[in-house]
2 protein chains.
Amino acid sequence: MCAANKQSSNYKPLTESDAITLAKRLNLFENDSQLTCYEIGDGNLNLVFKVTNTENGESIIIKQALPYAKVVGESWPLTLDRSRIETNALIKQAEFVPQYVPKVYYSDESLAITIMEDLSHLQIARAALMNDEDLPLLSNHIGEFLAKTLFYTSDYGLNQHYKKELVKQFINPDLCKITEDLVFTDPFFDHETNDFEQELQKDVERIWNDQVLKLEVAKLKQIFLTKAEALVHGDLHTGSIFADEKETKVIDPEFAYFGPIGFDVGQVFANLLLNAISREPKKQNILFTHIETTWTVFVEEFTKAWKNDAIEVFSQVDGYLEYVLSEIFEEAVGFAGCEIIRRTIGLAHVADLDKIEPANKRISIKQLALKLGSELVKNRKSVTNPKDFKEYTIQTALSSL
Amino acid sequence: MCAANKQSSNYKPLTESDAITLAKRLNLFENDSQLTCYEIGDGNLNLVFKVTNTENGESIIIKQALPYAKVVGESWPLTLDRSRIETNALIKQAEFVPQYVPKVYYSDESLAITIMEDLSHLQIARAALMNDEDLPLLSNHIGEFLAKTLFYTSDYGLNQHYKKELVKQFINPDLCKITEDLVFTDPFFDHETNDFEQELQKDVERIWNDQVLKLEVAKLKQIFLTKAEALVHGDLHTGSIFADEKETKVIDPEFAYFGPIGFDVGQVFANLLLNAISREPKKQNILFTHIETTWTVFVEEFTKAWKNDAIEVFSQVDGYLEYVLSEIFEEAVGFAGCEIIRRTIGLAHVADLDKIEPANKRISIKQLALKLGSELVKNRKSVTNPKDFKEYTIQTALSSL
């Protein structure tokens with residue numbers, strides 16, 4: 001699928017004891033601390049070592065990229081350069097929202113290592129939401145994270161000369177290719193990476209044969225391929241967010257590149273929607289509220305940044321901010337539709353849907369997801385308000401009865 | 001205005017005798033040839049040496065970038081990296097249309113030198129058109145040049161992974177900044193780089209106060225800043241084209257970067273229009289025909305390439321090609337409008353307008369240019385056919401009476 005760069009001659013996967021040695025060498029703990037280390041990753045893409053001082057419980061994470069991705073039993077080569085991208089993205093984001101990203105303590109490109117703050121006191125937001133926890137500040141924080149990281153890395157808020165140097169640093173062909181294939185292409189064709197229950201065959205064929213839908217997906221893919229608007233996270237689903245009632249941290253920006261602002265916003269919308277439809281109707285409201293709040297806070301913070309810090313002289317022109325925001329929203333709605341479809345029938349699913357029991361309920365909710373995703377892609381120009389998501393979801397569900 | 005990169009320690013401007021020595025060292029002529037050399041550039045941006053074998057008249061051009069730009073008496077530092085960009089762009093374009101670009105014989109990044117085919121048997125197209133020469137194949141050739149260089153460097157026709165590596169190679173902040181300022185910004189504000197006759201003051205103020213126009217220019221500038229669609233030439237006016245009745249060569253791609261396809265197309269439209277309005281009405285038709293032919297041939301060649309060589313799987317989807325072409329045309333119309341305005345009141349004028357005599361005629365044609373440019377920017381969605389340019393020009397002229 002994607003060619004790995006030639007490995008640096010230095011590179012070797014760490015063992016748990018290597019990780020302890022490294023932490024000691026870097027003086028990341030007090031002298032003579034007793035350290036333990038466990039590899040806690042899922043082993044598919046990265047090694048994740050948690051190194052703990054047994055005396056006071058202080059801990060750090062050492063994340064090391066592996067030169068392959070294991071997906072459904074297969075092993076694809078995957079560039080180690082993603083470790084450089086992740087480190088640099090975390091550092092760049094911390095300039096604007098240090099409160100929402102893990103601290104980076106150290107990185108080593110040749111070993112593809114990032115050493116960072118341990119966030120294991122928090123939960124993955126997807127798991128928390130599936131567990132009916134409210135995460136009351138999640139959407140406030142994510143709205144601000146999106147507004148600040150995206151505004152201040154765009155031509156609106158960043159020296160346009162320096163932005164181009166950043167575009168160059170964040171050229172990320174291998175990981176972009178994964179998104180181009182898995183989000184924007186394979187689910188819309190009869191491709192071997194797709195993965196869905198046999199009961200969905202007819203619904204999936206309807207997507208493959210929907211020329212209007214495919215034309216709109218083609219346009220959205222073109223935007224993803226060409227629109228170098230801001231340094232997007234690139235994989236901002238609820239599995240990339242750690243949270244509790246008070247704190248929110250966005251992790252894993254290895255897909256970061258200069259792309260459309262609406263892509264990050266749309267992935268957030270989509271993953272909140274996917275959780276919403278997985279629930280009983282009476283428990284859905286909190287998710288629709290999270291969607292509304294994400295957008296409202298995004299608009300507030302983006303507007304504040306625009307008014308205070310815009311570098312683009314046209315920012316003062318009547319209507320320009322409103323135009324930019326409406327374009328971001330329209331694209332976000334379309335990207336959300338693609339994400340919902342691919343999370344239902346593509347290679348990488350979400351537990352929100354896959355864990356639904358019994359099976360017939362799961363199938364009918366996945367059918368709803370496919371319809372909702374298609375409607376959002378096709379009607380993205382008429383969805384103009386985040387409240388519309390709730391309306392659309394209810395209407396789509398009703399029309400399926 | 002733009003910071004020059006640190007000069008390579010090797011760099012020094014050549015003299016005419018250095019140029020001869022270099023040509024000999026590289027064996028660019030037969031042994032023992034008698035060579036003469038003249039510096040024939042205008043000295044504002046580059047040294048241009050023509051080295052000739054006095055025995056058989058064979059000649060080459062040695063072009064060397066200077067570390068500054070002299071404009072209206074001022075000297076701005078300007079990166080030598082533009083020489084690398086120019087060489088690489090010429091070589092890349094020659095992969096698709098060797099017949100329309102000068103051959104590159106040699107380049108040296110540290111000296112900022114490109115050695116290439118001498119085209120002095122041809123005329124600069126602007127001068128030829130001002131001299132009432134028809135250049136009957138100009139628009140056929142330019143239409144094909146645009147279609148092939150732009151299609152085959154876009155995500156439609158180029159491996160999407162490799163395209164991203166090219167985007168990185170052609171990051172060109174200094175020269176893009178010149179366009180961002182001189183085409184998309186300064187003419188729309190009361191900026192010191194602007195240059196226009198006092199008689200135009202009211203017309204220019206109308207532009208500065210036209211909020212609708214400025215909002216549309218802001219959108220076009222955003223597209224120029226962010227849309228990495230294809231390797232555009234970036235400065236494709238009629239002064240960058242050598243031609244005669246049979247041959248056409250596009251030169252000087254030092255502004256090349258990955259930008260919107262419509263930018264190159266729009267600059268061609270604009271410079272043909274500027275020549276058209278500089279003429280008596282009865283002599284304008286040939287220019288409107290050139291505009292139509294440019295677009296018709298562009299569409300034919302782009303469509304042929306799309307059908308035969310598209311790498312994007314969505315290229316087969318009904319309506320996608322038509323959508324892409326209509327988006328290119330719409331953007332080209334808008335970019336043409338910006339170009340017409342900036343060539344009338346901005347820093348860099350065109351001789352087509354400036355040479356008009358007597359002065360009152362020149363002023364009234366410049367007034368027409370400003371109106372036409374504004375209309376094209378504001379109404380670019382309703383200009384859908386290249387024939388509309390003629391209609392628009394006539395209507396705008398009539399409404400000015």
Side-chain angles (χ1 to χ4, degrees), chain A residues 2-3 154-156 159-174 176-177 180-181 184-186 188-189 191 211-230 257-261 312-324 327, chain B residues 2-3 154-156 159-174 176-177 180-181 184-186 188-189 191 211-230 257-261 312-324 327:
Chain A
C2 13
S154 76
D155 287 298
Y156 314 120
N159 175 296
Q160 295 170 346
H161 200 284
Y162 177 56
K163 181 224 169 191
K164 292 178 181 73
E165 294 299 332
L166 281 187
V167 170
K168 196 198 279 186
Q169 271 181 41
F170 283 97
I171 295 280
N172 194 0
D174 282 323
C176 283
K177 172 76 172 147
E180 288 153 26
D181 287 346
F184 291 109
T185 310
D186 299 355
F188 303 95
F189 296 88
H191 197 280
Q211 296 300 314
V212 176
L213 174 67
K214 287 167 88 163
L215 176 55
E216 297 308 314
V217 174
K219 296 178 191 175
L220 289 162
K221 183 179 177 184
Q222 186 211 38
I223 294 170
F224 183 84
L225 282 163
T226 62
K227 188 170 183 172
E229 190 175 23
Y257 83 113
F258 274 78
I261 291 177
E312 170 56 61
V313 58
F314 282 99
S315 65
Q316 304 302 316
V317 170
D318 286 350
Y320 189 35
L321 171 61
E322 292 71 17
Y323 170 78
V324 168
E327 201 183 46
Chain B
C2 14
S154 76
D155 287 298
Y156 313 121
N159 175 296
Q160 295 169 345
H161 199 284
Y162 177 57
K163 180 222 169 191
K164 293 178 181 75
E165 294 299 331
L166 282 187
V167 170
K168 196 197 281 186
Q169 272 181 41
F170 284 97
I171 295 279
N172 194 358
D174 283 323
C176 283
K177 173 76 171 146
E180 288 153 25
D181 288 346
F184 292 108
T185 310
D186 299 355
F188 303 95
F189 297 87
H191 197 280
Q211 296 299 316
V212 176
L213 174 68
K214 286 167 88 162
L215 176 56
E216 297 309 314
V217 174
K219 295 178 191 176
L220 289 162
K221 182 179 179 186
Q222 185 210 39
I223 294 170
F224 183 84
L225 281 164
T226 63
K227 190 170 183 172
E229 191 175 23
Y257 84 111
F258 274 77
I261 291 177
E312 170 55 62
V313 58
F314 282 99
S315 65
Q316 302 304 314
V317 171
D318 286 350
Y320 189 34
L321 171 62
E322 292 71 16
Y323 170 78
V324 168
E327 201 182 45

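Here is how names work: the chains are called A, B, and so on, in the same order as the sequence lines, proteins then strands, and each is numbered from 1.
For A:Phe189, the part sitting under 4.5 Å from any heavy atom of chain B is the side chain, from C-beta outward, and nothing else. Heavy atoms closer than 4.5 Å to chain A are found in the side chain of B:Ile171, but not in its backbone. Heavy atoms closer than 4.5 Å to chain B are found in the side chain of A:Gln160, but not in its backbone. Both the backbone and the side chain of A:Lys219 have a heavy atom closer than 4.5 Å to some heavy atom of chain B. Residue contact with chain A, scored on non-hydrogen atoms closer than 4.5 Å, involves the side chain of B:Tyr156 exclusively.
Nearest heavy atom pair, residue A:Thr185 against residue B:Val313, reads CG2-CG1, 3.3 Å.
With contacts defined as side-chain heavy-atom distances shorter than 4.5 Å, the pair A:Tyr320/B:Gln222 qualifies. Side-chain atoms of A:Val167 and B:Lys168, non-hydrogen and from C-beta on, never get closer than 4.5 Å to each other.
When the shell of 6.0 Å around CD of A:Gln211 is examined, it contains more than 12 heavy atoms from other residues, nucleotides or ligands.
Ranked by heavy-atom pairs under 4.5 Å with chain A, the first of B:Glu312, B:Gln169, B:Glu165 is B:Glu312. Put simply, of A:Tyr162, A:Tyr323, A:Phe184, A:Tyr257, the one with the most heavy-atom pairs under 4.5 Å next to chain B is A:Tyr323. For the set B:Lys214, B:Lys227, B:Glu229, the entry with the most heavy-atom pairs within less than 4.5 Å of chain A is B:Lys214. Residue with the most contacts toward chain A among B:Ser315, B:Ala218, B:Ala230: B:Ala218 (heavy-atom pairs, distance under 4.5 Å).
Between A:Phe314 and B:Phe188, the ring planes are tilted. Angles from 30° to 60° get that label.
Annotation: the span from B:Leu225 atom CG to A:Lys164 atom NZ amounts to 5.5 Å, rounded to 0.5 Å. Rounded to the nearest 0.5 angstrom, A:Lys177 NZ and B:Asn159 CG are separated by 7.5 Å.
For the salt bridge (charged side-chain N to carboxylate O under 4.0 Å, His left out) test, residues two or more places apart in sequence or in another chain that qualify with A:Lys163 are A:Asp155.
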